[in-house]
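Values in this document were obtained by computation on a predicted structure and should not be read as measured data. Counting begins at 1 with the first residue of the sequence. Note: hydrogens, waters and symmetry copies are ignored here, and every other heavy atom, side chains too, is used.
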Amino acid sequence: METNGLAYLRTGEARLLRRLDDMFERWGTEEGATPVIGAPLLPVAKLAKLDYYQNFPQQALVVSALDLERRPQGQDASAIEEFPPEQLQSAEVALPSATCYAVYLGLEGTSLPGNTLVTLVGRCFRREERYTGLRRLLGFHMREIVALGEQEFVEEHINRFSSRILRFAEALDLPLCKEAATDPFFDGEGPRALLQRIAPVKYEFLAGELAIASVNKHRNFFGERCAIQLDDGRPVFTSCVAFGLERWLAVLHDRYGDWGAADEAVAKADQALASAATTEGTAHAR
């Protein structure tokens with residue numbers, strides 16, 4: 001059930017989301033990713049240094065505390081529908097719109113011993129013009145697998161997972177289309193934006209018109225802005241693979257008709273990929 005972009009997942013939906021998230025996490029750990037937990041809220045000032053409010057102002061959501069001195073007295077608390085700005089303190093923290101921001105800010109100012117993979121799931125929030133069932137929500141779950149290190153390593157990361165996503169979709173009999181996408185991630189007139197148009201940094205995996213996964217290259221943007229370095233002092237390159245879990249629920253329910261059938265299909269497709277990988281590995285070993 002969804003109301004105003006906020007969804008309550010019943011047993012069948014929750015079970016399938018859990019299965020998908022466990023599977024995507026395992027995809028990461030099988031490649032050597034370490035599970036981590038990111039901060040649920042992020043400092044506004046830190047996001048501003050990443051040009052977040054310049055590039056994604058339409059999605060931004062911030063959190064504020066009540067200003068107790070300016071809170072009206074004698075008001076029927078049960079009748080409150082909203083708090084106007086004058087009753088709020090300044091907003092110093094924000095709701096993240098993507099899971100990976102917590103990784104870059106969590107590792108700010110650190111040196112990594114070498115190429116690094118981490119995986120985490122987060123609650124993400126996006127202000128949208130409209131909300132549509134599980135397909136487009138105000139609050140949702142995003143599983144990510146994030147690579148930090150040498151440029152070749154982070155690019156191989158998204159190439160491997162692009163292939164894995166497409167193989168999984170084929171095993172599910174779920175038509176997916178991989179398409180280059182543009183994000184207003186870099187200043188639209190700057191050299192990074194020009195390079196993005198020449199060599200795309202983001203690809204989406206579309207079920208119909210809905211993106212349910214994406215792979216993203218950031219070059220050394222986060223390494224520079226967050227001062228995340230390799231041992232030799234060079235800023236890391238980064239890339240990430242992202243899965244919008246509620247969006248997967250929506251397209252799988254559309255494809256299979258009910259939650260039980262969708263859950264069974266995911267389990268079978270996961271097993272089929274595992275069996276194929278085992279067979280391929282045995283063949284290579286001979």
Side-chain angles (χ1 to χ4, degrees), residues 1-21 24 37-44 47-48 52-68 70-72 75-102 120-144 181 183-185 204-214 242-259 262-263:
M1 182 174 65
E2 176 271 330
T3 303
N4 296 328
L6 301 173
Y8 175 81
L9 302 184
R10 294 185 171 88
T11 301
E13 299 153 285
R15 182 184 295 117
L16 180 54
L17 186 144
R18 183 71 264 162
R19 181 184 294 281
L20 287 165
D21 188 47
F24 293 141
I37 298 174
L41 300 171
L42 300 175
V44 166
L47 287 174
Y52 181 79
Y53 299 104
Q54 173 183 332
N55 296 325
F56 302 102
Q58 75 283 1
Q59 293 181 351
L61 290 162
V62 296
V63 177
S64 177
L66 289 176
D67 187 326
L68 298 183
R70 292 188 291 179
R71 184 168 57 100
Q75 183 177 0
D76 181 2
S78 65
I80 294 174
E81 295 184 356
E82 63 179 19
F83 293 101
E86 61 271 15
Q87 295 180 18
L88 301 175
Q89 296 182 12
S90 297
E92 297 180 354
V93 291
L95 297 168
S97 62
T99 300
C100 61
Y101 285 113
L120 69 169
V121 66
R123 287 275 195 169
C124 297
F125 303 85
R126 294 182 183 178
R127 187 170 182 266
E128 304 271 14
E129 291 182 0
R130 59 183 175 80
Y131 299 109
T132 310
L134 295 176
R135 299 172 70 86
R136 196 169 297 277
L137 289 166
L138 170 61
F140 58 95
H141 294 82
M142 181 186 294
R143 164 65 62 176
E144 294 204 40
D183 260 340
F185 182 67
E204 293 178 333
F205 297 85
L206 303 173
E209 297 181 353
L210 183 68
I212 61 175
S214 67
F243 303 93
L245 298 181
E246 280 85 353
R247 291 188 177 193
W248 278 85
L249 294 185
V251 300
L252 288 170
H253 189 270
D254 288 347
R255 171 66 184 84
Y256 291 100
D258 66 70
W259 299 116
D263 189 73

Tell me whether Glu209 at atom CD has more than 12 heavy atoms from other residues, nucleotides or ligands lying less than 6.0 Å away.
no

Nearest heavy-atom approach of Pro96 to Pro40 is CD-O, 3.3 Å

Looking at Ile80, I want to see if its CD1 is surrounded by more than 12 non-hydrogen atoms of other residues, nucleotides or ligands under 6.0 Å.
yes

For a 4.5 angstrom cut-off between non-hydrogen side-chain atoms, does Arg18 reach Arg15?
no

Evaluate whether atom CD of Gln89 has more than 12 neighbouring non-hydrogen atoms of other residues, nucleotides or ligands under 6.0 angstrom away.
yes

Sequence neighbours excluded, which residues qualify as side chain to side chain contact (heavy atoms under 4.5 Å, CB included) partners of Leu68?
Leu66, Arg71

Quick one: closest heavy-atom pair of Gly38 and Ala102, and the distance?
CA-CB, 3.8 Å

Please confirm whether the backbone N or O of Ser97 pairs with a side-chain atom of Arg126, one donor and one acceptor, at under 3.5 Å?
yes

Quick check: closest heavy atoms across Glu13 and Arg10, and the distance to 0.1 Å?
OE1-N, 2.9 Å

Pairwise side-chain contact, Phe24 with Leu245, heavy-atom cut-off 4.5 Å (strictly under):
yes

Can any side-chain N or O of Gln87 pair as donor or acceptor with the backbone N or O of Pro84 at less than 3.5 Å?
no

Ala207: what forms a side chain to side chain contact (heavy atoms under 4.5 Å, CB included) with it, not counting sequence neighbours?
Leu176, Ile212, Val251

Taken to the nearest 0.5 Å, the spacing of Leu210 CG from Leu134 CG works out to 10.5 Å

Identify the heavy atoms of Arg19 and Asp263 that sit nearest to each other, and give their distance.
NE-OD1, 2.9 Å

Please step through side-chain contact (heavy atoms from CB on, under 4.5 Å) for the pair Asn4 and Tyr131, ending with a clear verdict.
CA-CA 7 Å; Asn4 296 328; Tyr131 299 109; 5.6 Å; no

When you measure from the side chain of Glu204 to the backbone of Ala181, do you find a donor-acceptor pair of N or O atoms at a distance under 3.5 Å?
no

Can a donor-acceptor pair be found, under 3.5 Å and without considering hydrogens, that links the side chain of Arg70 to the backbone of Leu88?
yes

The test is side-chain contact (heavy atoms from CB on, under 4.5 Å); show your working for Leu20 and Leu249 and say whether it passes.
CA-CA 9 Å; Leu20 287 165; Leu249 294 185; 4.0 Å; yes

Would you say the side chain of Leu95 lies within less than 4.5 Å of the side chain of Val63, judging by non-hydrogen atoms?
yes

Sort and list the pairs that fulfil salt bridge (Lys or Arg N to Asp or Glu O under 4.0 Å) and have at least one residue in residues 244-254, not counting sequence neighbours.
Arg135-Asp254

What are the two closest heavy atoms between Ala7 and Leu137, and how far apart are they?
CB-CD2, 3.9 Å

Determine whether more than 12 heavy atoms belonging to other residues, nucleotides or ligands lie under 6.0 Å from atom CZ of Arg255.
yes

Do the rings of Trp259 and His253 sit parallel, tilted or perpendicular, given the 30° and 60° boundaries?
tilted

